[in-house]
Amino acid sequence: MGRIVLVFFIMAVIAAVVIGVALLGRGSRAGKPALEEPREILKRRYAAGEIDEDEYLRRMSGLSQDW
């Protein structure tokens with residue numbers, strides 16, 4: 001009887017560890033924002049009025065060039 005309880009206890013601990021690791025792994029990926037593309041950043045900044053049209057066009061031109 002004591003062995004059966006011990007086996008179930010060990011199985012419960014292992015299951016708890018596996019579930020905990022899975023939840024932590026899923027949560028860390030969900031919290032990270034996706035990396036924005038440089039063109040999207042420029043579009044957002046231009047739309048928000050952070051940069052003017054000349055700056056927007058100059059930077060977009062720079063992104064289009066092959067270095």
Side-chain angles (χ1 to χ4, degrees):
M1 176 88 173
R3 287 185 178 179
I4 294 174
V5 172
L6 181 62
V7 169
F8 281 124
F9 178 73
I10 292 171
M11 288 173 49
V13 169
I14 292 172
V17 169
V18 169
I19 291 171
V21 168
L23 290 175
L24 285 174
R26 186 177 67 181
S28 66
R29 284 192 304 263
K32 293 182 181 177
L35 294 176
E36 289 186 84
E37 293 291 324
R39 287 182 173 82
E40 294 302 316
I41 295 170
L42 279 176
K43 288 178 187 177
R44 180 178 44 79
R45 290 185 65 198
Y46 177 62
E50 294 176 17
I51 57 175
D52 63 8
E53 183 178 6
D54 291 334
E55 182 72 9
Y56 172 77
L57 293 173
R58 185 178 67 77
R59 291 182 181 217
M60 279 296 226
S61 174
L63 289 173
S64 299
Q65 295 177 359
D66 291 330
W67 296 97

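Within the model, atoms CG of L42 and CD of E37 stand 11.5 Å from one another, a figure rounded to the nearest 0.5 Å. Residue F9 holds its CZ atom at 10.5 Å from CD1 of I14, rounded to the nearest 0.5 Å. Atoms CG and CD1, on L6 and I10 in that order, are 4.0 Å from each other to the nearest 0.5 Å.
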Task: Derivation and outcome, side chain to side chain contact (heavy atoms under 4.5 Å, CB included), residues I41 and R44 - done: CA-CA 5 Å; I41 295 170; R44 180 178 44 79; 3.7 Å; yes
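Using a 4.5 Å heavy-atom threshold, the side chains of R39 and S64 count as touching. Considering only heavy atoms from C-beta on, D52 stays 4.5 Å or farther from Y56 through its side chain.
Between E55 and R59 a salt bridge is recorded (basic side-chain N to carboxylate O distance below 4.0 Å).
Under a hydrophobic-cluster definition in which Ile, Leu, Val, Met, Phe, Trp and Tyr are linked whenever side-chain heavy atoms come within less than 4.5 Å, directly or via other members, Y46 and L63 are assigned to the same cluster.
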